[in-house]
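Just so it is clear: chains get the letters A, B, ... in the order the sequence lines come, proteins before strands, and each one is counted from 1.
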Number of protein chains: 2
Amino acid sequence: MTQAKPQGRGLARRQAMLDAARELFLEKGFECTSLTDILKRSKGSRSTLYEQFGSKAGLLRAMVEEVTSTVWQLLGDDSGPCTFCEAGLIELGRRFVYSALAPETIAVYRIIVAEGHRVPEIAEFFFNTGPRTLEHRLAERFRAALSVRENVGSPEEIAQIYLGAVLGDLHVRQVLGLVPHWSDEQIDSHVRIAVGIFLDGVGRPPSRVETISDRPDSPKEIIDLGSQLG
Amino acid sequence: MTQAKPQGRGLARRQAMLDAARELFLEKGFECTSLTDILKRSKGSRSTLYEQFGSKAGLLRAMVEEVTSTVWQLLGDDSGPCTFCEAGLIELGRRFVYSALAPETIAVYRIIVAEGHRVPEIAEFFFNTGPRTLEHRLAERFRAALSVRENVGSPEEIAQIYLGAVLGDLHVRQVLGLVPHWSDEQIDSHVRIAVGIFLDGVGRPPSRVETISDRPDSPKEIIDLGSQLG
DNA sequence: TATGCAGTGTACCGTACCGTACAGTTTAGT
DNA sequence: ACTAAACTGTACGGTACGGTACACTGCATA
């Protein structure tokens with residue numbers, strides 16, 4: 001991302017300013033970063049900045065698009081693992097969570113949440129490039145893999161629930177700054193558990209249609225879920 | 001919330017200012033709302049505001065605490081429906097989603113995300129009062145209801161996954177302003193589906209231990225989930 | 001070397017806003 | 001009715017920032 005002179009001095013200055021903006025927005029947020037801060041770090045001049053981006057919002061827009069495009073790239077290639085075996089769901093979930101929790105993603109998310117009303121289209125760009133695309137790809141596969149059963153909802157809804165389960169509250173905690181950083185082990189473990197529940201469920205109270213012996217693959221662990229009705 | 005003269009003029013003015021601040025922060029965000037705006041709406045004076053709250057951040061803090069305390073109140077009473085039958089999980093999920101998507105909650109969340117670094121403790125207050133408390137209550141019940149099975153994680157983790165699944169991406173979409181408002185039917189349907197998956201799962205590929213005939217409660221709908229390995 | 005353009009550095013303008021000060025006005029208690 | 005305190009309204013200071021203007025510099029080409 002930080003490389004010199006793609007072509008001509010102009011683009012080099014543009015990139016330097018984008019880099020400085022990205023770093024500073026990530027460190028201090030958008031509002032608290034002044035153009036002077038950015039110029040101090042990028043060694044550029046005010047005139048050049050306005051020539052390249054037109055306004056502070058223009059700079060934000062360019063920076064968000066750059067970060068968004070690169071951070072979700074992991075999810076773009078279908079050449080990954082198999083998608084709907086358990087291992088595939090785990091690997092996909094891992095990639096999604098890593099992308100969603102990357103510091104750049106979190107910073108961009110913070111900025112969009114705060115400034116979204118001023119530059120509305122960037123929120124759409126962010127969400128469409130990331131979660132929405134993934135949801136669609138997942139839903140497509142789900143549609144092919146699952147014949148619909150009543151009360152189970154559309155493939156899109158199932159995909160949304162899968163992503164929600166896999167992400168849990170990791171994202172909220174990160175965005176609110178309640179956690180310094182999640183370790184790889186924590187993420188892996190969380191995703192693994194979520195996928196397990198997504199596939200098998202935690203088990204239904206025995207007072208319903210099924211009996212324990214109806215589920216020979218996991219008999220003991222759902223023993224008294226139903227006795228808790230309070 | 002908007003009532004006159006709890007006791008003395010002071011508290012009345014304080015409440016009027018809090019109300020105006022809540023409304024305006026909700027409409028325009030924190031940064032874009034000036035004290036002049038608030039004073040214009042609350043009919044109060046600048047001096048009184050500083051006497052009551054000390055600073056703009058103090059006003060924010062008071063407003064966030066008020067909203068947070070009231071909006072999660074729905075979740076506070078255990079006298080609700082049974083907690084772990086399917087109906088109970090659905091009802092609890094509904095309440096959680098409604099609280100999380102309430103306009104006041106969304107607005108407060110936006111503000112905290114944007115200004116959290118300036119007033120760090122309010123983010124903690126928000127999360128602890130809402131999701132964290134609920135997670136703990138859920139986990140406690142889960143611990144009692146489920147005997148642990150290997151690879152399934154702690155009750156806390158299961159609770160987090162439950163909340164994540166139930167919320168799906170509704171919250172993100174709302175926060176990013178991509179949706180005007182969710183209808184009650186949409187929320188109800190989403191929660192119902194999520195709880196279904198949480199309890200039963202979507203079904204595991206037949207290439208694993210179980211066979212189709214092992215799950216007589218939902219035989220047809222999981223036919224070729226495994227054939228999709230990419 | 002001469003020329004022109006791209007980029008630089010800085011000074012400046014207008015504006016918006018937080019926070020304070022202060023004189024005037026309303027309310028409540030005696 | 002008198003007085004003290006609470007509240008109002010406004011004006012002002014200080015500051016920070018976005019955006020513009022403009023003179024200056026360095027590099028590349030003819």
Does any part of the side chain of A/L138, heavy atoms only, come nearer than 4.5 Å to the side chain of A/L134, both counted from C-beta? yes
So what does B/T48 touch, heavy atoms closer than 4.0 Å: a base, only the sugar-phosphate, or nothing? base
For B/E27, is there an ion pair with B/R41 - N to carboxylate O distance below 4.0 angstrom? yes
Quiz item: cation-pi between A/K56 and A/Y50, 6.0 Å / 45°: no
Send over the distance from A/L49 CG to D/dT20 P, rounded to a whole Å. 11 Å
Applying a 4.0 Å non-hydrogen cut-off, can you work out what B/T33 is touching in the nucleic acid: base, sugar-phosphate, or nothing? sugar-phosphate
Should the pair B/Y109 and B/F126 be assigned to parallel (<30°), tilted (30 to 60°) or perpendicular (>60°) ring geometry? tilted
Distance in angstrom units between A/K43 NZ and C/dT10 P, rounded: 12 Å
Starting at CD1 of B/I38 and ending at P of C/dG19, how long is that distance when rounded to a whole Å? 11 Å
Whole-Å distance, B/K56 NZ to C/dA16 C1', equals 11 Å
Between B/S55 and B/S47, whichever has its closest DNA chain C nucleotide further toward 5' is B/S55
Between C1' on C/dT20 and CZ on B/R46, what's the gap in Å once rounded to a whole number? 10 Å
Considering only C/dT8, D/dT10, D/dT20, which nucleotide approaches the side chain of A/Y50 most closely? D/dT20
Between A/L39 (CG) and C/dT8 (C1'), how many Å, whole number? 11 Å
With a 4.0 Å limit, can you tell me whether A/R13 has a side-chain N or O closer than that to the phosphate oxygens OP1/OP2 of C/dT8? yes
Nearest whole angstrom, please: distance from the P of D/dG14 to the CG of B/L35. 19 Å
CD of A/E51 versus P of D/dT20: gap in Å, rounded? 12 Å
